[in-house]
There are 2 protein chains.
Amino acid sequence: MIFTAHINVMPLKELLDPQGKAVNNSLHSLGIQAIQNVRIGKHITLQIEADSKEDALHFADTACHKMLHNPVMETFSIVIE
Amino acid sequence: MIFTAHINVMPLKELLDPQGKAVNNSLHSLGIQAIQNVRIGKHITLQIEADSKEDALHFADTACHKMLHNPVMETFSIVIE
């Protein structure tokens, strides 16, 4: 079966996110004052051929640990569909 | 009230995604052959001060149109919590 994984890789809460901060300030300059605390990470979608949802989750988790996220700076979450 | 918006900005399906393609090939090199069709976009979280969920969605949508997505190359989706 083919499963689709949706992976969010976000900068750790404890760390500054300069990209998010820049967007935050620019949105304020554009007049959207109601928005704050912008944080920007990666959204990754991929397709996984696996026998079960658990297997698919395992593949996605392995991919995150081996390549997709940097544990020093980022955290990730996976949703399998 | 403070709402949290989760925004995914992804490259259009019709377009090549070189970053996703590179990750796809690298995952194969690492021995994870089960994964295919990797696409990489942005995941943006932000907090919005608004009177209602509809207002919050409106602010997030305005932010997407004014700054966060490039309509030529990207599509976006918003979830308000």
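Per chain, numbering begins at 1; letters A, B, ... match sequence-line order.
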message: Are A/F59 and A/I80 connected into the same hydrophobic cluster when the rule is that any two of I, L, V, M, F, W, Y join if their side-chain heavy atoms are below 4.5 Å apart?
response: yes
Can you pull out all donor-acceptor pairs below 3.5 Å that join chain B and chain A?
residue	atom	partner	partner atom	Å
B/N8	OD1	A/H43	ND1	3.4
B/A34	O	A/E49	N	3.0
B/Q36	N	A/Q47	O	2.8
B/Q36	O	A/Q47	N	2.8
B/N37	ND2	A/Q47	OE1	3.3
B/R39	N	A/T45	O	2.8
B/R39	O	A/T45	N	2.9
B/G41	N	A/H43	O	2.7
B/G41	O	A/H43	N	2.9
B/H43	N	A/G41	O	2.9
B/H43	O	A/G41	N	2.7
B/H43	ND1	A/N8	OD1	3.4
B/T45	N	A/R39	O	2.9
B/T45	O	A/R39	N	2.8
B/Q47	N	A/Q36	O	2.8
B/Q47	O	A/Q36	N	2.8
B/Q47	OE1	A/N37	ND2	3.3
B/E49	N	A/A34	O	3.0

message: Let me check something: do A/V23 and B/V9 share a hydrophobic cluster, defined by ILVMFWY side-chain heavy atoms less than 4.5 Å apart, either directly or through other members?
response: yes
- prompt: Rest of the hydrophobic cluster containing A/M73 (Ile/Leu/Val/Met/Phe/Trp/Tyr, side-chain heavy atoms under 4.5 Å)?
  reply: A/L12, A/L15, A/V72
task: Give the cluster check for A/L30 versus B/L57: same hydrophobic cluster or not, with ILVMFWY residues linked at side-chain heavy-atom distances below 4.5 Å.
output: yes
message: Please classify the contact of A/I32 with chain B as side chain, backbone, both or neither, using a heavy-atom distance under 4.5 Å.
response: side chain
task: Identify which part of A/I7 has an atom lying under 4.5 Å from any heavy atom of chain B, answering side chain, backbone, both or neither.
output: neither
field: Heavy-atom proximity to chain B below 4.5 Å, by part of A/A50
entry: neither
field: In one Ile/Leu/Val/Met/Phe/Trp/Tyr side-chain cluster, 4.5 Å: A/M67, A/I78
entry: yes
task: State yes or no: do B/I40 and B/F76 share one hydrophobic cluster built from I, L, V, M, F, W and Y residues joined by side-chain heavy-atom distances below 4.5 Å, directly or via other members?
output: no
statement: So CG of A/L27 and CG of B/L46: to nearest 0.5 Å the spacing works out to 7.5 Å
